[in-house]
Amino acid sequence: MAQRIRKAVFPVAGLGTRFLPATKTVPKEMLPIIDRPLIQYAVDEAIEAGCETLIFVTNRYKHAVADYFDKAYELEQKLEKAGKLEQLALVREILPPHVRAVFVTQAEALGLGHAVLCAKPVVGDEPFAVLLPDDLIWNRGPGALKQMADHAEAEDVGVVAVQDVPRALTGSYGIVSAPDFNQRHGLIQAIVEKPDPTDAPSTLAVVGRYVLPPGIFHYLETAAPGAGGEIQLTDAIARLITDTRVDAYRFKGTRFDCGTHMGLIEATIRFALDHETLSEGARATMQAALDELGVRIVE
Ligand code: UTP
């Protein structure tokens, strides 16, 4: 895959049941960390990695995602009239001019693998990225996808992001076996979905960033429905590695699983504490709340 990725797929057609009732009307990807929705963090990461075509796989209830990336004429006019130029720039700069957004519908939520397959007509015959926006990855240096895209290009391989998880948690993740793993990357020899801790081949867990060759579509098209009747991306990758080199890549950065309540809370706290203007206030608020509850963090 010596070719640089130019296209990124964002599967956002899931039901987001863990955040009901909010997700009855607000898609999970639009939940904010401070003042930016989750989807914006993933989009910025993809653009930083060099992607210029962003493909959103949505369902018919997710107008909010398309509206967010669309031009908001009325709002822009009002902000301009009111002289709120800083806010106007924020609204206008959601996507840089050289980047285009394409929307594809997944008619039925048949799984992550199926959602990725829905993007095939737009991706065509070239390597591409997949980003799951509820995995928010924070790094002071280059973003996770940029690190992975650089590796994919340099080594001519597909790349799957991994992080270490406690063995007790392997049942919640796709787990890879990469015997030559050198602390940063290694060739994947096997990948299994949600193995029991006693059967897990390692504790390297797949998280929501992938750089995939177009050959993955063949395996998605011919995939049998797996766990829960869904077409699993992991199953297709397990077949892809029989004819294509795919590396596990341990990115630099911290991942927050914003598909869970605790992950969203943790990300909000971390981003608030690190925020240019909100940090001091956030610290004071947290301290006051802990004092009120009689909780002592430092003994
Ligand atoms: P999740 O497993 O997090 O499912 O999907 P979900 O529906 O979003 O959330 P919960 O579990 O009900 O709370 C992982 C990713 O795959 C996408 C989701 O939008 C999310 O980004 N997905 C999943 C689809 O696009 N289509 C599907 O059919 C399933």
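Each residue takes its place number in the sequence, starting with 1. For ligands, and for the atoms within them, numbers begin at 1 and follow the listed sequence. Please read these numbers as outputs of a predicted model, since none were measured by experiment.
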Just to verify, which of R4, K120, R6 counts as forming a salt bridge (charged side-chain N to carboxylate O under 4.0 Å, His left out) with E126? R6

Please list, by chain and number, the protein residues whose heavy atoms come under 4.0 Å of ligand 1.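 Within 4.0 Å of ligand 1, the protein residues are P11, V12, A13, G14, L15, G16, T17, R18, K28, E29, Q106, A109, L110, G111, L112, A115, D134.
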
Below 30° counts as parallel, above 60° as perpendicular, anything between as tilted: where do the rings of F56 and F103 land? parallel

List the steps, then state whether salt bridge (charged side-chain N to carboxylate O under 4.0 Å, His left out) holds for D150 with K146. CA-CA 6 Å; D150 288 348; K146 166 131 178 43; 2.9 Å; yes

Residues forming a salt bridge (Lys or Arg N to Asp or Glu O under 4.0 Å) with R36, sequence neighbours excluded: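 Salt bridge (Lys or Arg N to Asp or Glu O under 4.0 Å) check on R36 returns D44.
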
Which donor-acceptor pairs under 3.5 Å do the side chains of residues 267-274 make with protein atoms, sequence neighbours left out?
unit_1: T268; atom_1: OG1; unit_2: L264; atom_2: O; d: 2.7
unit_1: D274; atom_1: OD1; unit_2: R140; atom_2: NH2; d: 3.4

Using distance only, find each side-chain donor-acceptor pair of residues 198-205 under 3.5 Å and give its atom names and separation, not counting sequence neighbours.
unit_1: T198; atom_1: OG1; unit_2: D196; atom_2: OD2; d: 2.7
unit_1: S202; atom_1: OG; unit_2: V176; atom_2: O; d: 2.5
unit_1: S202; atom_1: OG; unit_2: L204; atom_2: N; d: 3.0

